[in-house]
Colleague: 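My questions all concern the structure below.
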Amino acid sequence: GGVNGAVFADTWEWDGMFWTQRQGLPSPSPRHAHGMAFDPVRQRVVVFGGAAQILLSNLDDTWEWDGTRWITIVTAHRPRAQAGHTLMFDRHRQRMLLFGSGVDEVHEFDGFDWTKITEGSAPSPRSFAVAVGDGGWAAEIERALRAADPPIIVRIEGGRVLLDLR
């Protein structure tokens, strides 16, 4: 993450009361606007992509934090390099889901490889969205850039993306 133009590569853990800086080398390069979510099945934090120190340079790497160290994950396939995308864990399917920033596609990560599960039928591209998973249903809520923007609810069912415009 970063603040005021500075981009960091540090790792912090919250134990419910205190923040502790963790050291683990190697580690992901400095970045911001990356996707990060916890995989409760494999007990790992997964990070994908983000923007490098130079804003126009997006990343397409996958990293995992196992509670002790960072591990770079080399996959046969991967989503396009991007920043501002959304990453969430789907408990029902036991997969990470990535909704792209600037592309209308959804990818899933099974801990070993990335697979594109939709193209052209996903919601319109958006950046810096928030996602939550609940028993296999994925809800994607667009960050309010303007107060008038209504939320868009997205469900992913059997590889299909369903919209509920409320």
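All residue numbers refer to positions in the sequence shown, counting from 1.
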Colleague: Regarding T62 and W114, is there a side-chain donor-to-acceptor distance under 3.5 Å anywhere?
Modeller: yes

Colleague: Holding to salt bridge (charged side-chain N to carboxylate O under 4.0 Å, His left out), I want the full list of residues that pass it with D113, two or more places apart in sequence or in another chain.
Modeller: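 Here no residue qualifies.
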
Colleague: Roughly how far, to the nearest 0.5 Å, is CG of D90 from NE2 of H92?
Modeller: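 One finds 7.0 Å between NE2 of H92 and CG of D90.
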
Colleague: Could you state the interatomic distance from CE (M96) to CD (E108), rounded to the nearest 0.5 Å?
Modeller: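 Answer for the CE-CD pair, M96 versus E108, is 12.0 Å.
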
Colleague: If every non-hydrogen atom of G50 is compared with every non-hydrogen atom of A83, which pair is closest and at what distance?
Modeller: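 Looks like C-CB, 3.7 Å.
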
Colleague: Considering the options L87, I117, T86, which one meets the side-chain contact (heavy atoms from CB on, under 4.5 Å) requirement together with L97?
Modeller: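 Of all the options given, the one that passes is I117.
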
Colleague: Looking at every heavy atom in both P79 and H107, which two are closest together, and how far apart are they?
Modeller: CG-CG, 3.6 Å

Colleague: Applying side chain to side chain donor-acceptor pair (under 3.5 Å) to W65 and T11, what does each step give before you reach the verdict?
Modeller: CA-CA 9 Å; W65 174 257; T11 300; over 6 Å; no

Colleague: If you take all heavy atoms of R31 and V7, which pair is closest and at what distance?
Modeller: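 Between these two residues, the closest heavy atoms are N-CG1, 3.0 Å.
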
Colleague: Considering residues at least two apart in sequence or located in another chain, which fulfil the side-chain contact (heavy atoms from CB on, under 4.5 Å) criterion with D66?
Modeller: R44, T68, R69, I71

Colleague: State, to 0.1 Å, how close H85 and F48 come at their nearest heavy-atom pair, and which atoms those are.
Modeller: NE2-O, 2.8 Å

Colleague: Taking only residues two or more places apart in sequence or in another chain, which ones pass salt bridge (charged side-chain N to carboxylate O under 4.0 Å, His left out) with D110?
Modeller: none

Colleague: So which heavy atom on A9 is nearest to which on S29, and how close?
Modeller: CB-C, 4.0 Å

Colleague: Run the side-chain hydrogen bond (donor to acceptor under 3.5 Å, both in side chains) test against D39 and tell me which residues pass, sequence neighbours left out.
Modeller: R42

Colleague: Which pair of heavy atoms, one from P40 and one from F89, lies closest together, and at what distance?
Modeller: CD-CD2, 3.4 Å

Colleague: Would you mind reporting whether M36 and V45 have side-chain heavy atoms less than 4.5 Å apart?
Modeller: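 In contact.
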
Colleague: Examine distances only and state if a side-chain atom of R78 and a backbone atom of D61 form a donor-acceptor pair shorter than 3.5 Å.
Modeller: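 A pair under 3.5 Å: no.
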
Colleague: Which residues pass the side-chain contact (heavy atoms from CB on, under 4.5 Å) test with T72, sequence neighbours left out?
Modeller: W63

Colleague: Can you get from L59 to I73 by hopping between Ile, Leu, Val, Met, Phe, Trp and Tyr side chains that sit under 4.5 Å apart?
Modeller: no

Colleague: Any chance the side chains of R22 and T20 put a donor and an acceptor closer than 3.5 Å?
Modeller: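 Absent: no donor and acceptor within the cut-off.
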
Colleague: My understanding is that only residues two or more places apart in sequence, or in another chain, count here; which of them pass side-chain contact (heavy atoms from CB on, under 4.5 Å) with W12?
Modeller: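 Counting only residues at least two positions away or on another chain, W12 forms a side-chain contact (heavy atoms from CB on, under 4.5 Å) with D10, W19, Q21.
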
